[in-house]
Amino acid sequence: RCQMKLVSATANPHKYKEMKEILSGKINLLPRPDEIPEIVEDASDLKGNALLKAQGIMKATGLPAIADDTGLEVDALNGAPGVHSARYAGPDANGGENIEKLLNELASVPMNERGARFRTIIVILFPDRSIITAEGIVSGKIALTPKGKLGFGYDSVFLPEDVPGKTFGELTNSEKNRISHRGKALQGIIGKL
């Protein structure tokens with residue numbers, strides 16, 4: 001039976017590679033076409049942003065689109081950066097600058113109060129306007145200093161509960177995909193298809 005084709009809404013090569021690995025053998029994930037302009041993500045929550053991205057890609061390609069939006073929610077910051085995670089240190093900020101801002105904000109917060117979670121919402125939008133969504137959450141803490149060169153975004157400062165003493169930045173792709181927020185959300189989506 002032929003695999004379902006989904007067009008990825010992400011322009012982030014790391015995310016695309018991660019999603020392709022997790023969906024491998026189940027779904028044929030096509031890369032986002034280069035000519036599609038950036039989609040403005042101005043919704044007030046993760047699901048709204050994922051939907052905006054999926055709509056933009058589906059309109060442009062006519063194919064079912066898969067989009068995700070991910071936020072890092074830090075308890076001591078009342079859930080920030082949350083929906084603003086990717087642009088936490090400013091509109092053009094890179095991962096290093098976002099991490100620096102986060103660690104500065106948490107400078108006086110002791111380890112036992114640095115609880116946090118990554119939350120991913122995934123949306124698949126079909127040309128007939130039907131929608132499937134799934135959520136993945138992984139809980140953990142924010143490290144005092146970055147550790148590990150693997151992964152991307154906030155991975156080097158996120159200590160997942162499931163792997164004590166290691167940040168996401170110290171885990172291989174397959175180790176991370178087994179327990180990660182995006183991995184859980186994608187498994188949820190696969191289950192619903």
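For the single chain, residues carry numbers from 1 onward in sequence order.
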Step-by-step salt bridge (charged side-chain N to carboxylate O under 4.0 Å, His left out) determination, Lys53 to Asp68: CA-CA 8 Å; Lys53 289 187 260 195; Asp68 86 298; 5.1 Å; no
Salt bridge present between Lys176 and Asp155 (N-O < 4.0 angstrom): yes
Note: Asp75-Arg117 ion pair, threshold 4.0 Å (strictly below): yes
4.5 Å side-chain heavy-atom contact, [X] and [Y]:
{"X": "Leu103", "Y": "Val157", "result": "yes"}
{"X": "Arg87", "Y": "Glu41", "result": "yes"}
{"X": "Val40", "Y": "Leu52", "result": "no"}
{"X": "Ile99", "Y": "Pro146", "result": "yes"}
{"X": "Glu161", "Y": "Ile179", "result": "no"}
{"X": "Val7", "Y": "Pro33", "result": "yes"}
{"X": "Met4", "Y": "Leu193", "result": "yes"}
{"X": "Ile57", "Y": "Ile66", "result": "no"}

What's the separation between atom [atom1] in [X] and atom [atom2] in [Y], rounded to the nearest 0.5 Å?
{"X": "His181", "Y": "Leu72", "atom1": "NE2", "atom2": "CG", "value": "8.5 Å"}
{"X": "Lys141", "Y": "Glu113", "atom1": "NZ", "atom2": "CD", "value": "10.0 Å"}
{"X": "Leu46", "Y": "Ser85", "atom1": "CG", "atom2": "OG", "value": "7.5 Å"}
{"X": "Ile122", "Y": "Lys192", "atom1": "CD1", "atom2": "NZ", "value": "10.5 Å"}
{"X": "Asn177", "Y": "Glu18", "atom1": "CG", "atom2": "CD", "value": "5.0 Å"}

Quick one: does any side-chain atom of [X] pair with a main-chain N or O of [Y] as donor and acceptor, under 3.5 Å?
{"X": "Glu97", "Y": "Asn94", "value": "yes"}
{"X": "Asn98", "Y": "Ala89", "value": "yes"}
{"X": "Lys20", "Y": "Leu29", "value": "yes"}
{"X": "Glu105", "Y": "Leu102", "value": "no"}
{"X": "Arg114", "Y": "Leu106", "value": "yes"}
{"X": "Lys101", "Y": "Tyr88", "value": "yes"}
{"X": "Arg32", "Y": "Ala9", "value": "yes"}

Derivation and outcome, side chain to side chain contact (heavy atoms under 4.5 Å, CB included), residues Leu30 and Lys5: CA-CA 7 Å; Leu30 306 173; Lys5 278 189 180 140; 4.0 Å; yes
Taking every non-hydrogen atom, the tightest pair across [X] and [Y]:
{"X": "Gly165", "Y": "Leu159", "answer": "C-CD2, 4.1 Å"}
{"X": "Gly188", "Y": "Ala134", "answer": "C-CB, 4.0 Å"}
{"X": "Thr120", "Y": "Arg182", "answer": "OG1-N, 3.8 Å"}
{"X": "Ala43", "Y": "Val83", "answer": "O-CG2, 4.2 Å"}
{"X": "Ala50", "Y": "Ala67", "answer": "O-CB, 3.2 Å"}
{"X": "Lys166", "Y": "Leu171", "answer": "CD-CD2, 3.8 Å"}

Geometric class of the Phe158/Phe168 ring pair [parallel <30°, tilted 30-60°, perpendicular >60°]: tilted
Candidate pair Met111 and Leu144, rule side chain to side chain contact (heavy atoms under 4.5 Å, CB included), full reasoning: CA-CA 7 Å; Met111 202 60 217; Leu144 297 170; 3.9 Å; yes
Glu73: partners by side-chain hydrogen bond (donor to acceptor under 3.5 Å, both in side chains), with sequence neighbours left out: Arg119
Under 4.5 Å between side-chain heavy atoms, hopping through other hydrophobics if needed: is there a path connecting [X] to [Y]?
{"X": "Leu125", "Y": "Leu63", "answer": "no"}
{"X": "Val138", "Y": "Val163", "answer": "yes"}
{"X": "Tyr154", "Y": "Phe152", "answer": "no"}

Side chain to side chain contact (heavy atoms under 4.5 Å, CB included) between Met58 and Phe126, worked out: CA-CA 7 Å; Met58 192 198 73; Phe126 295 92; 5.7 Å; no
Single hit among Thr133, Ile124, Leu6 for side-chain contact (heavy atoms from CB on, under 4.5 Å) with Ile189: Ile124
Pair Glu21-Ser24, side-chain hydrogen bond (donor to acceptor under 3.5 Å, both in side chains): steps then yes or no: CA-CA 5 Å; Glu21 280 173 12; Ser24 159; over 6 Å; no
Audit row: Thr10, Asn12, side-chain hydrogen bond (donor to acceptor under 3.5 Å, both in side chains) steps and yes/no: CA-CA 5 Å; Thr10 184; Asn12 178 329; 5.2 Å; no
Heavy atoms of other groups near Lys47 NZ, more than 12 under 6.0 Å: no
Trace of the side chain to side chain contact (heavy atoms under 4.5 Å, CB included) decision for Ser156 with Lys147: CA-CA 5 Å; Ser156 66; Lys147 277 172 50 196; 5.9 Å; no
